[in-house]
Number of protein chains: 2
Amino acid sequence: MSQLEKYPRPSVTVDLVIFTIVDDDLKVLLIRRGNEPYQGLWALPGGFVGIGESLEEAAARELQEEVGVRNVYLEQLYTFGEPERDPRGRVISVSYFALVDAERQTIAAASDAADARWHSVFKPPRLAFDHRKILDYAVWRLRNKIEWTTVGYELLAKKFTLSELQRVYEIILQRPVDKRNFRKKILLQGQIRELNETRSDGAHRPAKLYSFKQ
Amino acid sequence: MSQLEKYPRPSVTVDLVIFTIVDDDLKVLLIRRGNEPYQGLWALPGGFVGIGESLEEAAARELQEEVGVRNVYLEQLYTFGEPERDPRGRVISVSYFALVDAERQTIAAASDAADARWHSVFKPPRLAFDHRKILDYAVWRLRNKIEWTTVGYELLAKKFTLSELQRVYEIILQRPVDKRNFRKKILLQGQIRELNETRSDGAHRPAKLYSFKQ
DNA sequence: CCAAAAGTGTTTCACTTACACCCATGA
DNA sequence: TCATGGGTGTAAGTGAAACACTTTTGG
């Protein structure tokens with residue numbers, strides 16, 4: 001233990017960029033700070049890593065505490081460790097991003113007691129610490145990820161229509177997507193299963209429902 | 001400071017995966033451990049993050065100390081924080097990977113005093129801690145990266161031939177690369193400049209030299 | 001003149017993009 | 001019957017992959 005004791009230790013936190021889609025917009029959960037520093041500004045939810053807890057466990061615990069959800073998509077982003085990033089002392093932040101789906105985000109809304117709120121990712125308020133940098137990085141990562149992987153499904157309910165999925169892509173990428181090419185690409189991936197159900201929604205043809213495999 | 005003081009703090013280290021190419025092989029720098037735990041096993045070079053030092057600075061300092069090089073390509077990889085990864089206590093490791101070019105790796109060899117050595121990445125010895133996982137992740141990242149970016153140049157001297165660059169790709173990807181397609185792709189990228197020099201190397205046609213722009 | 005690495009184009013195939021109309025429903 | 005979003009196919013273009021011979025040099 002000698003080597004370990006010789007050095008002053010920084011504090012280590014996890015900070016979460018929790019995304020969801022509401023009202024046709026990509027949202028991030030922010031918390032209004034009640035204390036100095038940066039009192040009154042908005043910040044990413046986060047907290048200290050327990051001494052017996054893995055980083056991923058700490059992130060999952062925060063997610064549970066702040067949003068009341070479990071088993072959502074969670075991925076480590078980057079570790080920020082500039083010595084001056086927190087004026088109170090040396091704090092190293094391991095950032096994660098999470099995707100909360102449409103079904104469970106209502107639970108999240110419940111936790112919106114007073115000082116937690118969904119904000120548009122594309123015009124966020126001024127953020128505390130270096131959280132704007134973290135947010136920007138998370139958005140960049142999400143955009144890349146959605147093009148190469150299937151994370152898009154994490155933002156939808158279990159059953160969804162192809163139009164809903166297309167909207168997720170358009171909202172994240174902030175550009176229109178061609179309907180026919182999109183459907184071709186998604187169906188070719190073979191990652192979704194067509195269900196024997198449709199959803200009627202107003203005065204037009206009902207849409208087929210699909211579910212994500214695994 | 002109250003919040004910061006309330007929690008027991010983990011130790012934070014940086015661990016480095018330092019790559020270079022020697023003898024037609026991708027190598028990683030490893031250090032033989034002189035103390036418990038894992039005495040006698042090989043480990044990635046690394047060390048504690050100084051309290052006033054950014055993570056990147058700590059990584060650059062380690063690189064300087066271990067390999068004697070500065071201003072090489074350095075990129076944060078991932079942060080490993082399982083509570084049991086170090087039997088001496090809670091140690092969170094921020095890993096970086098570095099690319100040391102052919103010209104400067106001779107300096108590195110000098111530092112190979114007794115217990116530091118270049119090992120083949122593809123058949124490494126048994127590693128201490130979770131360093132095998134870190135190494136595997138770094139190799140995976142390097143392979144992806146070389147396909148989408150221009151990091152390959154970081155492993156070569158300032159002036160190089162296209163065949164040398166091709167070898168870098170073949171060694172990292174561990175598969176043969178078509179000469180004509182490779183040259184077409186690289187030249188189309190517009191990232192290298194043809195020099196008015198050639199290099200003669202034995203009884204055959206001399207190769208044109210190129211340099212990387214910026 | 002021989003051995004050895006450098007250098008060079010064309011064809012094929014797969015994937016991406018652009019694009020417009022009919023369908024099923026509720027009001 | 002009309003308005004609304006759901007659903008479908010084809011042609012053109014772009015980028016990746018396969019592939020073999022000539023050039024320049026030193027010995």
Side-chain angles (χ1 to χ4, degrees), chain A residues 21 23-24 102 143-150 152-153 156-157 159-212, chain B residues 21 23-24 102 143-150 152-153 156-157 159-212:
Chain A
I21 288 185
D23 296 339
D24 249 27
R143 281 187 168 158
N144 284 326
K145 201 118 195 161
I146 204 175
E147 304 245 41
W148 306 108
T149 74
T150 56
Y153 301 109
L156 289 174
K159 299 175 181 183
F160 53 87
T161 70
L162 289 179
S163 294
E164 285 166 350
L165 185 59
Q166 183 179 338
R167 274 308 287 152
V168 168
Y169 279 69
E170 291 179 329
I171 289 165
I172 292 173
L173 299 174
Q174 291 283 289
R175 60 172 154 81
V177 169
D178 180 85
K179 191 174 16 167
R180 280 177 286 189
N181 294 334
F182 178 76
R183 290 161 112 93
K184 209 184 310 165
K185 178 181 125 185
I186 294 293
L187 292 173
L188 261 178
Q189 283 175 191
Q191 291 281 233
I192 62 175
R193 185 195 336 276
E194 185 178 334
L195 304 174
N196 285 328
E197 296 175 66
T198 56
R199 176 186 300 156
S200 286
D201 172 37
H204 49 81
R205 180 171 176 175
K208 288 182 197 157
L209 288 173
Y210 293 81
S211 73
F212 181 44
Chain B
I21 288 185
D23 296 338
D24 249 28
R143 281 187 169 159
N144 284 326
K145 201 117 196 164
I146 204 176
E147 306 244 41
W148 305 108
T149 72
T150 55
Y153 302 110
L156 289 174
K159 298 175 180 183
F160 54 86
T161 69
L162 289 180
S163 295
E164 286 167 349
L165 185 60
Q166 184 179 337
R167 274 309 286 155
V168 169
Y169 278 70
E170 291 179 328
I171 289 166
I172 292 174
L173 300 174
Q174 291 284 288
R175 61 173 154 83
V177 169
D178 180 85
K179 189 167 28 161
R180 281 177 286 189
N181 292 334
F182 179 76
R183 290 160 113 92
K184 210 183 308 165
K185 179 182 127 187
I186 294 293
L187 292 173
L188 262 178
Q189 283 175 190
Q191 292 280 237
I192 62 174
R193 186 194 335 276
E194 184 179 335
L195 304 174
N196 286 327
E197 296 176 64
T198 56
R199 176 186 301 157
S200 287
D201 173 36
H204 50 83
R205 181 171 175 173
K208 289 183 198 157
L209 288 172
Y210 292 81
S211 72
F212 181 46

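Convention: sequence-line order gives letters A, B, ...; per-chain numbering from 1.
- Phosphate proximity of D:dT25 to B:S200: absent, as no side-chain N or O sits under 4.0 Å from OP1 or OP2.
- Sequence order on DNA chain C of the closest nucleotides to A:R205 and A:N181 puts A:N181 first from the 5' end.
- The existence of a salt bridge linking A:E164 and A:R167 is excluded, since no basic side-chain nitrogen approaches an acidic carboxylate oxygen closer than 4.0 Å.
- A:D201 comes within 4.0 angstrom of no nucleic acid atom, judged by non-hydrogen atoms across all strands.
- Put simply, B:R180 has no side-chain N or O that comes within less than 4.0 Å of OP1 or OP2 on D:dA18.
- One can place CZ of A:R183 at 17 Å from C1' of C:dA18, the figure rounded to the nearest angstrom.
- Atom CD in B:E147 sits about 14 Å away from atom C1' in D:dA17, given to the nearest Å.
- Listed pair A:K208 / D:dT8 meets the phosphate criterion, a side-chain N or O lying under 4.0 Å from OP1 or OP2.
- The side chain of A:K184 lies closest to C:dT17, out of C:dT8, D:dG6, C:dT17.
- At the phosphate of D:dG9, neither OP1 nor OP2 sits under 4.0 Å from any side-chain N or O atom of A:K179.
- Contact annotation: B:S163 side-chain N/O to C:dA6 OP1/OP2 distance is under 4.0 Å.
- Aromatic pair A:F212/A:F160: ring centres not closer than 6.0 Å.
- Here the CG-CZ distance, from B:L209 to B:R193, works out to 13.5 Å after rounding to the nearest 0.5 Å.
- Of the possible polar contacts, one joining the B:Q166 side chain to the B:V177 backbone as a donor-acceptor pair under 3.5 Å is found.
- Minimum atom distance to the side chain of B:H204 is reached by C:dA5, of the listed C:dA5, D:dG7, C:dT8.
- Summarising the geometry, the separation between CZ on B:R199 and C1' on D:dT24 is reported as 17 Å, rounded to the nearest angstrom.
- Rounded to an integer number of Å, the gap from CG of B:L195 to C1' of C:dA6 is 16 Å.
- For A:A203, counting side-chain heavy atoms from C-beta on, the closest listed nucleotide (C:dT8, C:dG26, D:dT4) is C:dG26.
- For the pair A:D178 CG and C:dC15 P, the computed distance is 18 Å after rounding to whole Å.
- The CD atom of A:E197 sits 17 Å away from the P atom of D:dG6 (whole-angstrom rounding).
- In this structure, A:L209 atom CG and D:dG6 atom P are separated by 12 Å, rounded to whole Å.
- Using a 4.0 Å cut-off between a side-chain N of Lys or Arg and a carboxylate O of Asp or Glu, A:R175 and A:E147 qualify as a salt bridge.
- C:dA6 atom P lies 12 Å from atom CZ of B:F182, rounded to whole Å.
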